[in-house]
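Reviewing the structure listed below.
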Protein chains: 2
Amino acid sequence: MPGIQAVAQLAGVSTATVSRALSGKSNVSEKSKDAVLSAAKELGYVVSSNASSLATGRTRNIGVVVPFLTKWFYTSVLEGAESALLSHGYDLTLYNLAGGGDERRSVFEHFLLRKRVDAVIAISLELTPKELTGLLALDKPVVGVGGPLRGVHTLSIDDVAVAQLATEHLLSLGHTSIAHIGGTKDFERDFHLPTNRRIGYESALEAMGIPVNPGLFRAANFSLEGGYDAAKQLLGSPRDRPTAIFAASDEMAIGAILAARDMGLSVPDDISIVGIDDHELSAFFGLTTVAQFPELQGRMAAELLLDQLHPETRKPGSINTALPFDLVVRSSTARPRSGR
Amino acid sequence: MPGIQAVAQLAGVSTATVSRALSGKSNVSEKSKDAVLSAAKELGYVVSSNASSLATGRTRNIGVVVPFLTKWFYTSVLEGAESALLSHGYDLTLYNLAGGGDERRSVFEHFLLRKRVDAVIAISLELTPKELTGLLALDKPVVGVGGPLRGVHTLSIDDVAVAQLATEHLLSLGHTSIAHIGGTKDFERDFHLPTNRRIGYESALEAMGIPVNPGLFRAANFSLEGGYDAAKQLLGSPRDRPTAIFAASDEMAIGAILAARDMGLSVPDDISIVGIDDHELSAFFGLTTVAQFPELQGRMAAELLLDQLHPETRKPGSINTALPFDLVVRSSTARPRSGR
DNA sequence: GTGAAAGCGCTAACAT
DNA sequence: ATGTTAGCGCTTTCAC
């Protein structure tokens, strides 16, 4: 592991010139630049990021905190962020909070504070005031994805509007008896996602003058299995069976599709089903859904952060950026059977 | 951000004593230790990992390289590794190679070399000799998961034995016409996984004196959809339809279950199906499978690495550790219909 | 048990 | 355009 000194010696210049030549910032003559570059290559020199960080105060490393790792959505955001950061020469240090309360505390009270990272991306995490204070005290940029965070630049999707769009799609097909599979209370903590989606659903119905029927609501845990069980309940009684189901996530919607099949119901002839996400499995199941582009979200978060780290290039930005979403119509939705 | 100096001043000791008290290694009197600890807490002091790394040469940071991020298997390994590392005070810096060849090169030629990490875990990656040389030249521990790597301590599963076990389960139920959905050539590069599993399948058949029928083999891409398509082919002609399918992954096996259902076949009455993985969805689908415990694999890799980083505690270990696997019988397999 | 001081490898003034 | 030099914040001999 040769140091900068070795390169300087071989190139016949000072260490300062080596540093300048390699970083490309300052003015260096073509001649010395070439000498440095070829000396560096010859020796296989790579800067010590620690020494560099210590000297500059910048680490070129971003901390990313996720609530789960084994869920498609989070890993997709992560993938987007990782590749954007990598292409800018940044490393990504990962903190997964899935383990439980203790892990969470140590991440926020210890790991993130030891100056290993230049900035933090928090994915779908509603930070406590204490956590937030700790982070902001670092005086480093923080970007949140998934919901508003006080004093932090965030990227978030309008969950109410997303749910409205999904519901309106069903309404526009002519459905009037539309059930909703939402999230349980456990998922409220992250930006009230279940409530917001339910509000969107209800407001779309009300806008069409359709009364909300509480009997057509079921809560589940955002899993395939949860969606399956909920749908079985919803579809159980042939008497007042809905003609459509709006599930708050694709995984639950896919569960609902499987439940319908198991009950001998045809999708979409007997029952239309729509979800939210555009999950990797959704195309396979022909699921109509409102896509939210998690990989793009990760990329946007990373780029927003890099912007803030390089104020020269900084474009003015609002404190909360709206994330795009889009209705993707596949084969799980259709007009309700006319015979009803 | 108070420094060690501030703590020393408040505690009325030297910076050296603070360092000693905080690291707990050296002898420090109870009195100064208490003084240091409370001063540190009062100021909210957290060491600068960069300064510490520079001084010690150790970063307490592990680089983890994965080929994909959005696959259940890899994220599970990652989760296991992350939580094990975190609990030992280590950070995890993530490098995802899914982006393409260029990313891969820059990770190996630049990112991993800049002394940011103490060691590297390579998950399901067959490193090129060049990559391996570069890593080993760092003189840092490297642990591979998923297959043998020359000169590297690896954790790997005996894919041949796993496939044999799955096939033998079907044989023991009385099946003699067993199809196999394997992987396409694209997946060969990572330790010849498709080939090994196919070998296990064939050797199990041969051990029972059952000739291998090439017509009962289909290759797919390890996805649900791929398994679905392959199964449709396999189950298409009622004349020589197999009574069982062994798929090289649970996702493909689940695809096969869905294909069977779509064709009006009952699982397991008409067709038994077994996979490999114990994927998060497998229980829901009642899939019989050979579990390989990815989270445990990640945890083991992390612990192996930490062992190597702390030679005092080091237990002697072989260069290749076998990973556990276990048959999980659910409802997708049964005796073949007696009537045949 | 504790302090003084010499680095760890690099960057950024400052001088030339 | 380039060299000299003073740190960055910690750890670790080496004395005492």
Side-chain angles (χ1 to χ4, degrees), chain A residues 1-37 39-40 43-61 89 110 113-118 138-140 312, chain B residues 1-37 39-40 43-61 89 91 110 113-118 138-140:
Chain A
M1 291 291 89
I4 198 173
Q5 198 113 228
V7 179
Q9 212 161 344
L10 182 57
V13 296
S14 73
T15 61
T17 299
V18 173
S19 177
R20 286 189 277 250
L22 259 27
S23 72
K25 305 270 177 194
S26 207
N27 287 333
V28 183
S29 72
E30 278 303 316
K31 210 176 83 182
S32 0
K33 194 173 201 167
D34 288 350
V36 168
L37 256 40
L43 296 172
Y45 170 78
V46 180
V47 291
S48 155
S49 58
N50 285 313
S52 173
S53 300
L54 187 56
T56 60
R58 276 167 287 105
T59 63
R60 297 186 79 77
N61 187 20
H110 185 74
L113 306 183
R114 48 180 173 175
K115 284 170 170 272
R116 174 152 290 167
V117 299
D118 287 341
L138 293 178
D139 206 31
K140 296 184 187 318
E312 332 81 65
Chain B
M1 290 290 89
I4 198 174
Q5 197 112 229
V7 178
Q9 211 162 345
L10 182 57
V13 296
S14 72
T15 60
T17 299
V18 173
S19 177
R20 285 189 277 249
L22 259 28
S23 72
K25 306 270 177 195
S26 205
N27 287 334
V28 182
S29 71
E30 279 302 316
K31 211 176 84 180
S32 355
K33 194 172 202 167
D34 288 350
V36 168
L37 255 41
L43 297 173
Y45 171 77
V46 179
V47 291
S48 155
S49 57
N50 285 311
S52 173
S53 300
L54 186 56
T56 61
R58 276 165 287 106
T59 64
R60 296 184 78 78
N61 188 19
D91 284 321
H110 184 74
L113 307 183
R114 49 180 171 175
K115 286 171 168 270
R116 176 154 287 170
V117 299
D118 288 340
L138 293 178
D139 203 33
K140 297 185 188 315

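Chain A is the first sequence line, chain B the second, and so forth, proteins listed ahead of strands; every chain is numbered from 1.
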A:R114: partners by salt bridge (charged side-chain N to carboxylate O under 4.0 Å, His left out), with sequence neighbours left out:
B:D91
Only counting residues at least two apart or in another chain, list the ones meeting side chain to side chain contact (heavy atoms under 4.5 Å, CB included) with A:S19.
A:I4
Apply the test side chain to side chain contact (heavy atoms under 4.5 Å, CB included) to residues B:T59 and A:R116: give CA-CA distance (whole Å), side-chain angles for both, the deciding distance (0.1 Å), then the verdict.
CA-CA 10 Å; B:T59 64; A:R116 174 152 290 167; 4.2 Å; yes
Residues forming a side chain to side chain contact (heavy atoms under 4.5 Å, CB included) with A:S23, sequence neighbours excluded
A:K25
B:L37 vs B:L22 side-chain heavy atoms within contact, under 4.5 Å
yes
Specify the residues of residues 28-35 of chain A, ordered by number, for which at least one heavy atom lies under 4.0 angstrom from an atom of DNA chain C.
none
What pairs with B:S14 under side chain to side chain donor-acceptor pair (under 3.5 Å), at least two apart in sequence or on another chain?
B:T17
Covered region of DNA chain D, 5' end to 3' end, by chain B [heavy atoms, under 4.0 Å]:
D:dG9 to D:dT13
Hits for side chain to side chain contact (heavy atoms under 4.5 Å, CB included) against B:K115, two or more places apart or cross-chain, chain-then-number order -> A:M1, A:S48
Rounding to 10 degrees, work out the angle separating the end axes of the helix from C:dG1-D:dC16 to C:dT16-D:dA1 (five pairs an end).
30°
For B:S52, give me all partners under side chain to side chain donor-acceptor pair (under 3.5 Å), at least two apart in sequence or on another chain.
none
Are the side chain of B:R60 and the backbone of B:S49 linked by a donor-acceptor contact shorter than 3.5 Å?
no
Those residues at least two apart in sequence (or on a different chain) that pass side chain to side chain contact (heavy atoms under 4.5 Å, CB included) with B:V47 are B:Y45
Round to the nearest Å and state the distance from B:K115 atom NZ to C:dG9 atom P.
6 Å
Are more than 12 heavy atoms, taken from residues, nucleotides or ligands other than B:K140, located less than 6.0 Å from that residue's NZ atom?
yes
Might you list the N or O atoms of the protein lying below 3.5 Å from N or O atoms in nucleotides 10-13 of chain C, with each pair's distance?
from	atom 1	to	atom 2	distance (Å)
C:dC10	OP1	A:Y45	OH	2.7
C:dC10	OP2	A:I4	N	2.4
C:dT11	OP2	A:S19	OG	2.6
C:dT11	O5'	A:S19	OG	3.4

Output all residues satisfying side chain to side chain donor-acceptor pair (under 3.5 Å) with A:S29, sequence neighbours left out; order by chain, then residue number.
A:S32
